[in-house]
There are 2 protein chains.
Amino acid sequence: MGVTIKDIAKEANVSYSTVSKALNNSPLVKEVTKQKILRVAKEMGYEPNLAAKQLVRKKTEVIGLIWPTIERIVLATLVTNISKAFEATKYSMILSVDSAETSLDTFKKFQVDGMIVFAESHQMVPEDTIPLVAYGVSGKRKVAYPIIDANHEQAMEQAVQYLADLGHHHIAYVGHLDTEDALQREKAEGYQKAIKKRNLKQQSIDTSGLDWYDGYLAVEEIIQLPHQPTAIIGGSYDISGGIVRSLHEKGVSIPNDMSVVSYDNIPQMETMEIPMTCIGVPVDLLAEEIVSTIIHHIESEGSDEFIKKLTPSLTERKSAGPAPQS
Amino acid sequence: MGVTIKDIAKEANVSYSTVSKALNNSPLVKEVTKQKILRVAKEMGYEPNLAAKQLVRKKTEVIGLIWPTIERIVLATLVTNISKAFEATKYSMILSVDSAETSLDTFKKFQVDGMIVFAESHQMVPEDTIPLVAYGVSGKRKVAYPIIDANHEQAMEQAVQYLADLGHHHIAYVGHLDTEDALQREKAEGYQKAIKKRNLKQQSIDTSGLDWYDGYLAVEEIIQLPHQPTAIIGGSYDISGGIVRSLHEKGVSIPNDMSVVSYDNIPQMETMEIPMTCIGVPVDLLAEEIVSTIIHHIESEGSDEFIKKLTPSLTERKSAGPAPQS
DNA sequence: TTGTATGCGTTATCAT
DNA sequence: ATGATAACGCATACAA
C-alpha cells in the first residue's frame with residue numbers, strides 16, 4: 001500500500017509540490033500538466049493520506065454524531081439521511097454510540113471539526129469545546145450553539161387545517177400527553193391550539209408511550225367514545241401504525257370511515273399498511289439543514305447561536321379523505 | 001489548543017524524545033522522570049495528536065463497523081456492547097451507516113486497521129482489502145476471514161432441554177419459518193431437531209415476520225389449537241414481547257398456565273412485562289469475542305479464517321416454570 | 001538513562 | 001508555472 005505524491009511526481013516528471021498543487025486543483029499549475037498528473041495519480045491508484053493532511057491543515061473535515069439512545073426508526077432514518085447529506089460535502093461523518101461523555105472523548109481524540117447531538121443528550125455537552133449543533137426541542141436553557149428543530153405547532157396546525165378542509169369536525173389526537181418529553185408536549189399543545197382556534201371538539205387520547213402497541217390500544221378507547229371522531233392524528237410513525245392495524249381489525253375502512261394523518265415525515269410512511277398521509281419536516285430536508293448548519297457554524301468561526309424551526313409540510317397519500325356524510 | 005510533547009519537554013526540563021518515551025511507557029526511562037513527565041502532561045492537559053501518531057506508526061488503531069440496516073433492538077444492543085468492549089482496548093471504533101460500498105470507502109479513507117461487518121452485508125465486501133471479521137450466519141460461501149456466530153442449534157437444544165426438565169411435553173416454537181433468512185431457519189431447525197430427539201410433539205408457528213405484532217398474532221393460532229402446548233419458545237426478543245402481551249390479555253398466567261422462553265440473550269429481557277427466561281449467547285460475551293477476534297486478526301497479520309460458533313447459555317427468570325399438572 | 005536527528009505524507013511559503 | 005524546503009507532532013534509530 002501507499003503510493004504517495006512523491007511517487008506520482010517521479011512518474012510524471014515533476015516535483016512533488018507541483019503534484020500537490022495539481023491534486024488540490026490549484027490555478028497555479030498549467031492545465032496540461034494538471035491533467036497529466038491527475039491521470040498518473042489515478043493510474044497509480046493514489047489515495048491521499050488523511051493523517052498527513054490533517055497534520056498540516058489542522059482540520060480533520062470530520063463531523064462526529066452521537067447516536068441517539070432512543071431507539072426510534074424516525075431517528076435512525078434521520079441519522080442515515082444526515083450521513084447521506086454529508087456525502088455531497090467535503091466532510092465525513094463518524095458515529096459514536098456511547099454516552100455523551102465518552103462520545104465527546106472519542107471525538108476529541110479524533111479532533112473532529114464539529115459535532116451533531118440530539119436533544120436528549122445535548123445538555124451533557126460542555127459548551128466551550130467543539131462547534132456543535134443540536135437537533136430537537138431546546139427546552140428553556142440558553143445555549144451557545146445553533147439548534148435545529150421542526151415547528152411542531154405549525155405542523156399540527158397544518159394537519160388540523162387539512163382535515164378541517166376535508167369536512168372533518170371531530171378530529172382526535174393520539175399521542176403521549178402526560179410526559180416530561182418536551183417534544184411530545186409541543187405536539188399535543190399544537191394540536192389543542194389548532195382545535196381551539198376553530199372551535200372544534202378537542203379529543204386527546206393519552207398513549208402513555210410511543211410504541212406501536214400504544215396506538216393499537218388507543219383505538220379501543222376511541223371506539224368506546226359516545227361521539228366518534230371521523231379523523232385521527234397519530235402522534236408518531238409507530239403510534240399510527242398501531243392505529244391503522246387496529247382500525248383494520250375492527251373493520252373500519254380507511255379513509256372512508258376514518259381518516260388518519262400521522263406525525264413524522266419519513267419515506268417509510270409510503271409503505272405502511274396503507275400509504276400514510278403525514279405531516280412533518282421531510283427527513284431529507286431536516287438532514288440537509290442540520291448538515292449545512294454545522295458546516296456553516298464551523299467555517300464561519302463566529303459563534304452562531306439561534307434556534308431554527310423548520311417548516312413542516314403535509315404529504316398527501318391514501319389514509320385521509322373527506323369526512324363521511326352522517 | 002494544542003499542547004505538544006515539546007511543550008511538556010520544556011516544562012519538565014527534558015528532551016521531547018524522553019517525553020515521547022515516557023508517554024509510551026517505555027522501560028528506557030527512569031521511573032522518577034517518567035512520573036514527573038506524566039504529571040506535567042496531565043497538568044498541561046496534553047492530548048496526543050492522532051494524526052501525527054498515525055503518520056509515523058502507519059496504524060490508526062481504529063476499527064470500522066458497518067451499521068446493520070436491519071432495525072432490530074438486538075443488533076443495536078450488540079453494536080453498543082461492541083463499542084463498550086473496545087473501550088478496554090487501545091482501539092477506537094467508528095461507525096458508518098451507509099451501504100457496504102460507501103462504508104468501505106469511508107473506512108479506507110480513514111485507513112482503519114480493521115472492520116466488523118454483519119452477515120447481511122459481508123457478501124458485499126471484497127476480500128483483499130482490510131482485515132475483517134463478520135458476525136452472523138455464514139451461508140455456504142467460503143470466505144477468507146473469521147466469522148463469529150452463535151450456535152443456534154445448541155441454543156434450541158438447551159431451551160428444549162430446560163423445558164423438558166421442567167416437565168413440559170408439548171413445546172411450541174414461534175418464529176419466522178418460511179424465509180430466506182438463514183439465521184431464522186437455523187433456529188427453527190434447531191428446535192425441530194431437539195424435539196425429534198426426544199420424541200416430543202413438534203409445533204412450529206410461522207410468524208412470517210420478526211415483529212412484536214407477529215408474536216402477538218401467533219398466540220391466536222396457539223389458542224385455537226385442539227391440543228394446547230404448555231410452553232412456548234419465542235424466536236426473538238420482539239416476538240416474545242408480543243406473545244407475552246397477548247397471553248396476558250387472554251388471562252393466561254405466565255408461567256403458571258404457560259411457560260415462555262425467548263431466544264436472544266440481552267439485558268432488556270430482564271425488564272420486559274415479565275422478566276424473561278431466555279436463551280442465547282449473552283450479548284456482552286458476543287461483543288467481547290468479536291472485538292478480540294478482530295484485534296487478533298489484525299495483530300497476527302496471518303489470515304485467520306474460521307467460523308467460531310459461540311456457546312449459548314440459558315438465563316433463568318420468571319417466565320418459565322414447571323409444567324401444570326393436567 | 002537521556003538527547004539528537006531523521007522521516008512519516010502533506011500543505012504552504014518562498015524562490016526560481 | 002514550477003521547484004525546493006520548512007513546517008505539522010510524533011516515534012524511533014542512533015549517538016552520547
Side-chain angles (χ1 to χ4, degrees), chain A residues 1-42 44-62 90 92 108-113 299, chain B residues 1-42 44-62 90 92 108-113 299:
Chain A
M1 68 165 267
V3 23
T4 74
I5 55 172
K6 293 189 182 174
D7 300 325
I8 299 175
K10 221 170 283 174
E11 192 71 18
N13 285 318
V14 290
S15 79
Y16 71 86
S17 79
T18 305
V19 174
S20 174
K21 283 167 197 149
L23 257 23
N24 287 294
N25 202 20
S26 159
L28 296 175
V29 47
K30 212 175 8 178
E31 192 56 28
V32 269
T33 49
K34 184 186 288 184
Q35 291 309 325
K36 182 180 175 188
I37 289 171
L38 257 32
R39 215 197 54 235
V40 173
K42 179 167 283 182
M44 300 182 73
Y46 170 74
E47 297 260 9
N49 184 316
L50 249 202
K53 193 178 288 189
Q54 288 176 22
L55 192 55
V56 32
R57 278 240 180 112
K58 307 284 211 170
K59 300 224 177 298
T60 54
E61 283 166 3
V62 173
K90 64 179 178 184
S92 306
K108 266 190 189 156
K109 183 176 154 199
F110 277 93
Q111 299 175 113
V112 299
D113 292 344
E299 297 183 350
Chain B
M1 65 166 269
V3 23
T4 74
I5 54 172
K6 291 189 184 176
D7 301 326
I8 300 175
K10 220 169 285 173
E11 192 71 18
N13 285 319
V14 289
S15 81
Y16 69 86
S17 83
T18 304
V19 174
S20 174
K21 285 167 197 150
L23 257 22
N24 287 294
N25 203 20
S26 160
L28 297 174
V29 46
K30 210 176 10 178
E31 193 57 29
V32 269
T33 49
K34 184 185 291 184
Q35 291 309 325
K36 180 180 176 189
I37 290 170
L38 257 32
R39 212 197 56 236
V40 174
K42 178 167 284 184
M44 301 181 74
Y46 170 73
E47 298 261 8
N49 183 316
L50 249 204
K53 195 177 288 191
Q54 288 176 21
L55 194 54
V56 32
R57 280 239 180 113
K58 307 285 208 167
K59 301 223 178 298
T60 55
E61 284 166 2
V62 174
K90 64 179 176 181
S92 306
K108 267 189 190 158
K109 183 177 154 199
F110 277 93
Q111 300 176 113
V112 299
D113 292 344
E299 297 183 349

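All of these numbers come straight from a predicted model, not from anything done at the bench.
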Calculate the interatomic distance between [X] atom [atom1] and [N] atom [atom2]; express it in whole Å.
| X | N | atom1 | atom2 | value |
| --- | --- | --- | --- | --- |
| K36(B) | dT1(C) | NZ | P | 17 Å |
| N25(B) | dT12(D) | CG | P | 13 Å |
| K90(B) | dA11(D) | NZ | P | 13 Å |
| K30(B) | dG3(C) | NZ | P | 10 Å |
| L28(B) | dA13(D) | CG | P | 10 Å |

Respond yes when some side-chain nitrogen or oxygen of S15(B) is under 4.0 Å from OP1 or OP2 of dG3(C), and no when none is.
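Result: yes.
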Hey, does the side chain of T33(A) come within less than 4.0 Å of dT2(D)'s phosphate (OP1/OP2), counting only N and O?
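For dT2(D), OP1 or OP2 has a side-chain N or O of T33(A) closer than 4.0 Å.
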Out of curiosity, [X] [atom1] to [Y] [atom2], how far, rounded to the nearest 0.5 Å?
| X | Y | atom1 | atom2 | value |
| --- | --- | --- | --- | --- |
| Y46(A) | I37(A) | OH | CD1 | 11.5 Å |
| Y16(B) | K6(B) | OH | NZ | 5.0 Å |
| K30(A) | K36(A) | NZ | NZ | 10.5 Å |

Partner residues of K90(B) under the salt bridge (charged side-chain N to carboxylate O under 4.0 Å, His left out) criterion, sequence neighbours left out:
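For K90(B), the residues satisfying salt bridge (charged side-chain N to carboxylate O under 4.0 Å, His left out) (neighbours in sequence not counted) are E61(B), E299(B).
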Where along nucleotides 6-16 of chain C does protein come under 4.0 Å, by heavy atom, of base (B) or sugar-phosphate alone (S), with - for untouched nucleotides?
BBBBBBB----
Could you work out how much the helix from dT1(C)-dA16(D) to dT16(C)-dA1(D) bends, comparing the axis of its first five pairs with that of its last five, to 10°?
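Answer rounded to 10°: the end axes differ by 50°.
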Would you mind writing out the side-chain donor-acceptor pairs for residues 21-29 of chain B within the sub-3.5 Å range, not counting sequence neighbours?
| residue | atom | partner | partner atom | Å |
| --- | --- | --- | --- | --- |
| N24(B) | OD1 | R57(B) | NH2 | 3.2 |
| N24(B) | ND2 | S20(B) | O | 2.8 |
| N25(B) | OD1 | K34(B) | NZ | 3.1 |
| S26(B) | OG | L28(B) | N | 3.0 |

NZ/K109(B): more than 12 non-hydrogen atoms of other groups inside 6.0 Å:
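Enclosed: over 12 neighbouring heavy atoms sit under 6.0 Å from NZ of K109(B).
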Would you please name every residue forming a side chain to side chain contact (heavy atoms under 4.5 Å, CB included) with N13(A), sequence neighbours left out?
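Partners of N13(A) by the side chain to side chain contact (heavy atoms under 4.5 Å, CB included) criterion come out as none, since no residue qualifies.
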Under the side-chain hydrogen bond (donor to acceptor under 3.5 Å, both in side chains) definition, can you give me all pairs with a residue in residues 47-56 of chain B, not counting sequence neighbours?
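Of all non-adjacent pairs touching residues 47-56 of chain B, none passes side-chain hydrogen bond (donor to acceptor under 3.5 Å, both in side chains).
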